[in-house]
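Just below is one structure, and these are the notes that go with it.
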Amino acid sequence: MARLARTAGLTDVQEEILATVRTFVDKEIIPHAQALEHGDTYPADIVEGMKEMGLFGLTIPEEFGGLGESLLTYALVVEQIARGWMSVSGVINTHFIVAHMLKQHGTPEQRAHYLPRMATGEVRGSFSMSEPELGSDVAAIRTKAVRDGDDLVVTGQKMWLTNGGTSNLTAVLVRTDEGSDKPHRNLTAILVDKPEGYGEVAPGLTIPGKIDKMGYKGVDTTEMVFDGFRVPAGQVLGGETGQGFRHMMDGVEVGRVNVAARACGIALRSFELAIEYAQQRTTFGKPIAEHQAIAFKLAEMATKVEAAHLMMVNAARLKDSGARNDVEAGMAKLIASEYCAEVTQEAFRIHGGYGYSKEYEIERLMREAPFLLIGEGTSEIQKTIISRGLLRDYRTRS
């Protein structure tokens, strides 16, 4: 077995799950990823396979029909799936975030209504915070929800919604009038039931067509436009308005561990491709892996893969313990995404001119890795989170 990205202290159940997923990735994802990605084709058969394996219910408690596994198990599964094709991990990422938010913050009625169907994949979750003009300033959200009788009437535009057309449940962060002078306390998370598809999918709710992206193809990324869309007041997550920022940030911490795991998966696959190619490609009478310049690249790449994996595992375990992990999740996301970009580029260089050809897998990875520098907060946002946490914990007394 390869020695990189191995995790100590796993249970027999975790080892079995990971072995099953690894086999699925090698047999069902990697052989088809190139053709699906180049055609920007949704991986329907792969998604059905993940449903049959129970992956949509991986972290959902057993009482609701899920496997009841930890965030660590989820992160390690995502790492393997992203090793095969990052877009497939995107299909389940937003689903996991919404399931986590429901598990942690939903009312008993909301959990009973959604979680059993999310565990089977019948209900597929998506997650929406971003808007066209707010970037990383979450508190500046403009999409509004106004109370009208027993409903909330929602108006506004959301952006960068992964699985926007293929999900049928979206957790949406909106602005409500709570009268607080602190902007983040005027935000509420609502649960929007919707049909799958594009166009005006319900009165007042439109999902425009897929956004054409440089990479991260196959999985749909859309806008979400509300124009007087009515949501029953009972669809407020947790039943209380004004708590949306806290609910969403909890979900984002899970999402940052996920992005770190995805970055680890892509970096690992890039390394695998590079070390294989370096032993096959011959120059000056010997494999290029025997040239010190290439051997040193491989050594540095492997070290970065291992370091990123360890930080990702630490962040996941900390979240599982119930401790605050904003700093550790930020660190893991920062270093994993940056190292992923560096390892992928080095693998591309090792491939030489062939790496620029669409026939070679590394070309796809070169287009996918940059997304992880942005998703769930840019590197600059992670540094802000990390530095604030450090100053909080190491504050000196004057």
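We're numbering straight along the sequence, starting at 1.
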>> With side-chain contact (heavy atoms from CB on, under 4.5 Å) as the criterion, how do Lys319 and Glu253 come out once you've worked through the C-alpha distance, each side chain's angles and the decisive distance to 0.1 Å?
In response: CA-CA 8 Å; Lys319 184 76 171 176; Glu253 284 185 9; 2.9 Å; yes
Any chance [atom1] of [X] has more than 12 other-residue heavy atoms, nucleotides or ligands included, within less than 6.0 Å?
X	atom1	value
Asp177	CG	no
Gln280	CD	yes
Glu16	CD	no

Could you list the residues that satisfy ring pair (Phe, Tyr, Trp, His ring centres under 6.0 Å) with [X], not counting sequence neighbours?
X	answer
Tyr339	none
Tyr74	Phe96
His309	none

> Of the non-hydrogen atoms in Lys213 and Val219, which two are nearest, and what is the gap between them?
Replying inline: NZ-O, 3.2 Å
> Shortest non-hydrogen contact from Ile335 to Ala308?
Replying inline: CG2-CA, 4.5 Å
>> Between Glu300 and Lys297, does the salt bridge (charged side-chain N to carboxylate O under 4.0 Å, His left out) criterion hold? Intermediate values first, please.
In response: CA-CA 5 Å; Glu300 291 178 1; Lys297 283 182 183 292; over 6 Å; no
Residues [X] and [Y]: side-chain donor-acceptor under 3.5 angstrom:
X	Y	value
Thr170	Lys194	no
Ser70	Thr73	yes
His291	Thr283	yes
Thr166	Glu196	no

> What distance do Asp45 atom CG and Glu48 atom CD have between them, rounded to the nearest 0.5 Å?
Replying inline: 8.0 Å
> Excluding sequence neighbours, so at least two apart, what forms side-chain hydrogen bond (donor to acceptor under 3.5 Å, both in side chains) with Tyr277?
Replying inline: none
> In chain order, what residues pass the side-chain hydrogen bond (donor to acceptor under 3.5 Å, both in side chains) check against Thr176, with sequence neighbours excluded?
Replying inline: Glu178, Thr188
Does the side chain of [X] reach to within under 4.5 Å of the side chain of [Y], using non-hydrogen atoms?
X	Y	value
Gln14	Leu76	no
Gln243	Leu187	no
Val138	Met248	no
Glu223	Lys158	no
Phe127	Asn163	no
Ile92	Met50	yes
Glu368	Glu37	yes
Cys264	Cys340	no

> Hey, mind stepping through Glu79 and Arg83 against salt bridge (charged side-chain N to carboxylate O under 4.0 Å, His left out) and telling me if it holds?
Replying inline: CA-CA 6 Å; Glu79 180 181 41; Arg83 174 180 153 267; over 6 Å; no
>> Does anything in residues 6-57 form a ring-ring contact (aromatic ring centres under 6.0 Å, His included)? List the pairs, not counting sequence neighbours.
In response: Phe56-His95
>> Is there a side-chain contact (heavy atoms from CB on, under 4.5 Å) between Glu122 and Met118? Walk through the geometry before answering.
In response: CA-CA 6 Å; Glu122 175 191 350; Met118 294 185 79; over 6 Å; no
Could you identify which residues cluster with [X], counting Ile, Leu, Val, Met, Phe, Trp and Tyr as linked when any side-chain heavy atoms lie under 4.5 Å apart, either directly or through a chain of such contacts?
X	answer
Ile190	Leu152, Val154, Leu161, Val172, Val174, Val192, Tyr198, Val201, Leu205, Ile207, Met224, Phe226, Phe229, Val231, Val236
Ile381	Ile385
Trp160	Met159, Ile211

>> Is there a path of hydrophobic side-chain contacts, each under 4.5 Å between heavy atoms, that joins Ile386 and Leu373?
In response: no
> Are Val257 and Met311 joined in one hydrophobic group, where the rule is that I, L, V, M, F, W and Y side chains link up if heavy atoms are under 4.5 Å apart?
Replying inline: no
>> Strictly by salt bridge (Lys or Arg N to Asp or Glu O under 4.0 Å), give each pair with a member in residues 98-109 just once, sequence neighbours left out.
In response: none
> Stepwise, does the side-chain contact (heavy atoms from CB on, under 4.5 Å) test hold for Val343 with Met301?
Replying inline: CA-CA 5 Å; Val343 169; Met301 291 162 68; 3.9 Å; yes
>> Run the side chain to side chain contact (heavy atoms under 4.5 Å, CB included) test against Glu380 and tell me which residues pass, sequence neighbours left out.
In response: Thr378
>> With salt bridge (charged side-chain N to carboxylate O under 4.0 Å, His left out) as the criterion, how do Lys210 and Asp40 come out once you've worked through the C-alpha distance, each side chain's angles and the decisive distance to 0.1 Å?
In response: CA-CA 10 Å; Lys210 295 196 301 183; Asp40 198 9; 3.7 Å; yes
Donor-acceptor contacts, no H, no angles, side chain residues 322-333, under 3.5 Å, sequence neighbours left out:
unit_1: Arg324; atom_1: NE; unit_2: Asp326; atom_2: OD1; d: 3.3
unit_1: Arg324; atom_1: NE; unit_2: Asp326; atom_2: OD2; d: 3.1
unit_1: Arg324; atom_1: NH2; unit_2: Asp326; atom_2: OD2; d: 3.1
unit_1: Asn325; atom_1: ND2; unit_2: Ala315; atom_2: O; d: 3.1
unit_1: Lys333; atom_1: NZ; unit_2: Leu372; atom_2: O; d: 2.8
unit_1: Lys333; atom_1: NZ; unit_2: Gly375; atom_2: O; d: 3.2
unit_1: Lys333; atom_1: NZ; unit_2: Gly377; atom_2: O; d: 2.7

